[in-house]
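Residue numbering restarts at 1 for every chain, and letters A, B, ... go by the order of the sequence lines. No hydrogens, no waters, no symmetry mates; every other heavy atom, side chains included, goes into these values.
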Protein chains: 2
Amino acid sequence: MATPSRKTDVFQAIADPTRRQLLSMLGEREMPVTVISGHFPMSRTAVSKHLRILADAGLVKERKIGRETRYRLEPEPLLELKRWLAYYERYWDNKLLALQRFVEGDETDGTIALVAPEEESTRTID
Amino acid sequence: MATPSRKTDVFQAIADPTRRQLLSMLGEREMPVTVISGHFPMSRTAVSKHLRILADAGLVKERKIGRETRYRLEPEPLLELKRWLAYYERYWDNKLLALQRFVEGDETDGTIALVAPEEESTRTID
DNA sequence: ATTATATGAAACCAAAAGGTTTCATGTCAA
DNA sequence: TTGACATGAAACCTTTTGGTTTCATATAAT
């Protein structure tokens, strides 16, 4: 499905530098928790909790082998990030931006016509 | 410069849904705080603090006009995100991934050869 | 000159985040 | 079957985060 409605937000999941390191590490090879945590200056339990958050966001998958649990990268949820970012690419290569700024002029009106596709658009203008 | 060494991490800045909404809103037009906060179910001061965080990350720029301060999107720092994400694109369209997984086999060795370009690579394997 | 508007700073607070240590459980090895 | 290893869950603690209300200051308008 396109919107898998994950337990943890991808943006939130990648906000932590430790978790980003975990992702890059697990992209290379599947690894068990003890080995992974050997690369971090914190307890195994702490790393384990980070892994859980990543798993909740769908960014890693676990596989039990005997008494160990191996984790590996699952890049698919990063597509959401990619889509989000794609919206802003128009600000780099699109000439429309300059035009828009010009048209805007100087008025202080707060009305919004275009809004970027934001996942949680709970409250709008009332 | 390539590494502007900002006060706030971009990943951290965009982790909050409110701040993401702010970015999309400010991409359309420059706006003063009062107008912006009218679109959110929180106090003006709270919105102001979010704007400060975005500004610290370089994602918005402020411009004082008389007694009001207008904010607008500054998309440049998103390039860091784009670069980060680019690393993981190999997991989508690269056949090497399947090959790599195959070569890995089943060993439990924790040694890492390749590491993704992570900004804070403070501690390594000691 | 006085009042209203726009904003940021400060002090404060509750909840979430990121750690720790300890404990329980399941699996492997002798 | 006994002991060592791998791991997650639980309880706990401190710092950060996201919000509030109140106050101070600068500019605009009357």
Quick check with a 6.0 Å cut-off and a 45 degree axis cone: is B:Arg20 positioned over the face of A:Phe11's six-membered ring? yes

Taken to the nearest whole Å, CD/B:Glu68 to C1'/D:dA26 is 13 Å

For the pair made of NZ in B:Lys64 and C1' in D:dA26, what is the distance, rounded to whole Å? 7 Å

Could you tell me whether the phosphate oxygens of D:dT7, OP1 or OP2, come under 4.0 Å of any side-chain nitrogen or oxygen in A:Thr34? yes

Do the side-chain N or O atoms of A:His50 get closer than 4.0 angstrom to the phosphate oxygens (OP1, OP2) of C:dG19? yes

Nearest whole angstrom, please: distance from the P of D:dG19 to the CG of B:Leu22. 10 Å

I'd like to know if B:Lys82 and B:Glu76 make a salt bridge, using a cut-off of under 4.0 Å between side-chain N and carboxylate O. no

Test salt bridge (Lys or Arg N to Asp or Glu O under 4.0 Å) on A:Arg63 and A:Glu68; report intermediate values, then the result. CA-CA 9 Å; A:Arg63 179 170 70 122; A:Glu68 69 182 23; over 6 Å; no

In Å, rounded to the nearest 0.5 Å, how long is the span from CG of A:Leu22 to CG of A:Leu59? 11.0 Å

Among the candidates D:dA9, D:dT20, C:dG18, find the nucleotide nearest to the side-chain atoms of A:Arg52. D:dA9

Report the distance from atom CZ of A:Phe40 to atom C1' of C:dG18, rounded to the nearest whole Å. 14 Å

If you go through the side-chain atoms of A:Lys49, does one of them form a donor-acceptor pair with the base of D:dG8 closer than 3.5 Å? no

Report yes if a donor N or O on one partner sits less than 3.5 Å from an acceptor N or O on the other, where the partners are the side chain of B:Arg67 and the base of C:dT5; otherwise report no. yes

Closest listed nucleotide, where the reference is the side chain of B:Ile53 and the choices are D:dG18, D:dA10, D:dT20: D:dG18

Tell me whether the NZ or CZ atom of B:Arg83 lies within the 45° cone about the ring axis of B:Tyr87 and under 6.0 Å from its centre. no

Short side-chain N/O contact from A:Arg44 to OP1 or OP2 of D:dG8, under 4.0 Å: no

Between C:dG8 and B:Ser48, is there an OP1 or OP2 to side-chain N/O distance shorter than 4.0 Å? yes

Rounded off to whole Å, could you give me the CG-to-P distance for the A:Asp9 and D:dG18 pair? 12 Å

Indicate whether OP1 or OP2 belonging to D:dG18 is found under 4.0 Å from a side-chain N or O atom of B:Thr18. no

What is the distance from CD of A:Glu62 to C1' of D:dA9, rounded to the nearest Å? 14 Å

Given atom CE of B:Met31 and atom P of C:dA6, what is their separation to the nearest angstrom? 15 Å

Is A:Ser43 near enough to C:dT20 that one of its side-chain N or O atoms lies under 4.0 angstrom from OP1 or OP2? yes

Can you tell me how far C1' of D:dT21 sits from CE of B:Met42, to the nearest Å? 16 Å

Report yes if at least one side-chain N or O of A:Tyr71 is closer than 4.0 Å to OP1 or OP2 of D:dT7; otherwise report no. no

Under 4.0 Å between a side-chain N/O of B:Gln12 and OP1 or OP2 of D:dT17, yes or no? yes

